[in-house]
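In what follows, a single structure is set out as structure tokens and then discussed.
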Amino acid sequence: MPALAQDNFYTIDDIYALPDGERAELIDGQIYYMAPPTRKHQRIVGEMFAAIREYINSNHGICEVNIAPFAVFLNEDDKNYVEPDICVICDHNKLTDKGCSGAPDWIVEIVSPGNRSMDYYTKLFKYRTAGVREYWIVDHERNLVIVYDFQNKSATNYTFSDDIPVSIFPGFNINLSALNI
């Protein structure tokens with residue numbers, strides 16, 4: 001009887017063993033290689049990061065905002081490692097020199113053509129089950145932001161010109177068309 005084909009399962013050691021300059025994420029033991037981001041992608045990330053950081057700093061917040069590449073060990077195991085475009089962590093006990101151990105409170109992913117299904121499906125499921133409180137998918141090609149508020153079990157679609165409320169920070173809204181993108 002022939003042996004059954006087996007999928008390769010990878011660990012964080014495999015991520016750290018990648019050649020310099022090569023980036024990948026690890027979800028449930030599967031490696032997903034990442035293409036370099038576009039200029040538009042980076043502008044959106046940068047402007048959103050600056051708006052979030054400014055809000056936290058001006059309100060003397062305790063949360064910390066981080067920008068990719070920043071390691072998030074989602075399930076505190078060796079089979080799940082992601083680098084969200086933006087993540088906000090309010091529990092400083094999760095922060096180590098290597099990154100975040102556990103689920104961030106808020107994650108923002110900017111959709112790129114090569115990662116559309118990852119952001120819309122794979123990461124959506126993974127972030128929800130890992131305990132992320134809020135997840136935004138920012139799709140500049142569609143002028144669409146989908147906000148998943150996992151705490152309140154809701155999903156809402158917005159355009160870039162809408163004032164988008166941030167549920168983990170009541171009173172804080174982001175309007176992407178007002179940002180310099």
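We use all heavy atoms of the structure for the numbers below, so side chains are in, but hydrogens, waters and symmetry mates are not.
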Inter-residue atom distance [X].[atom1] - [Y].[atom2], 0.5 Å rounding:
X	Y	atom1	atom2	value
M118	L124	CE	CG	11.5 Å
Q151	D105	CD	CG	8.0 Å
K79	Y10	NZ	OH	13.5 Å
L144	I137	CG	CD1	8.5 Å
Y148	S167	OH	OG	14.0 Å

Report yes if some heavy atom in the side chain of [X] is under 4.5 Å from a heavy atom in the side chain of [Y]; otherwise report no.
X	Y	answer
W136	I164	yes
V108	M48	yes
I174	L179	yes
V111	V138	no
I56	E54	no
Y158	I146	no
I86	I107	no
T159	V145	no

*Any chance you could lay out the side chain to side chain contact (heavy atoms under 4.5 Å, CB included) test for I27 and V82, step after step, and finish with the verdict?*
CA-CA 7 Å; I27 298 178; V82 292; 4.1 Å; yes
_Parallel, tilted or perpendicular: which one describes the rings of Y127 and Y135, with boundaries at 30° and 60°?_
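If you compare the ring of Y127 with that of Y135, the planes turn out perpendicular.
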*Determine whether the side chains of Y32 and N115 contain a donor N or O and an acceptor N or O closer than 3.5 Å.*
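Distance-only check fails for Y32 and N115.
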*Is the closest side-chain donor-acceptor distance between S177 and N175 under 3.5 Å?*
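Looking only at side-chain atoms, N175 and S177 do form a donor-acceptor pair, the distance falling under 3.5 Å.
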Side-chain heavy atoms under 4.5 angstrom apart, residues restricted to Ile, Leu, Val, Met, Phe, Trp, Tyr: same cluster for [X] and [Y]?
X	Y	result
L26	Y33	yes
Y81	I31	yes
F172	V132	no
L74	I168	no
I52	F160	yes

Please report the shortest heavy-atom distance between [X] and [Y], naming the atom on each side.
X	Y	result
S112	H41	OG-CD2, 3.3 Å
P84	A68	O-CB, 3.2 Å
N66	I89	ND2-CD1, 3.6 Å

_N59 side chain to G61 backbone, donor-acceptor under 3.5 Å_ =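 Side chain of N59 to backbone of G61: no pair is present.
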_Check: N8 main-chain N/O paired with Q30 side-chain donor or acceptor under 3.5 Å_ =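 Here the side-chain-to-backbone pair exists.
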Just jot down the side chain to side chain contact (heavy atoms under 4.5 Å, CB included) partners of [X], sequence neighbours excluded, or say none.
X	answer
D28	N80, K126
K40	T38, I44, H140
I67	V45, F49
F125	R128, T129

*Do any pairs count as a disulfide (SG to SG under 2.5 Å) and have a residue in residues 67-178, sequence neighbours left out, and if so which ones?*
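Sorted pair list: C63-C90.
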*Should the pair D149-R133 be classified as a salt bridge under the 4.0 Å nitrogen-to-oxygen rule?*
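No, D149 and R133 are not salt-bridged.
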*Dump the intermediate steps for side chain to side chain contact (heavy atoms under 4.5 Å, CB included) on V72 and F70, then the final yes or no.*
CA-CA 7 Å; V72 174; F70 179 78; 4.1 Å; yes
Distance-only check: which donor-acceptor pairs under 3.5 Å involve side-chain atoms of residues 13-24, not counting sequence neighbours?
from, atom 1, to, atom 2, distance (Å)
D14, OD2, T11, N, 2.9
R23, NE, E83, OE1, 2.8
R23, NH2, E83, OE1, 2.7

*asked:* side chain to side chain contact (heavy atoms under 4.5 Å, CB included), that's the test. Do L176 and E47 meet it? Break it down for me.
replied: CA-CA 9 Å; L176 274 75; E47 293 300 322; over 6 Å; no
*side chain to side chain contact (heavy atoms under 4.5 Å, CB included) between E134 and V88: does it pass, once the steps are laid out?*
CA-CA 10 Å; E134 185 167 356; V88 175; over 6 Å; no
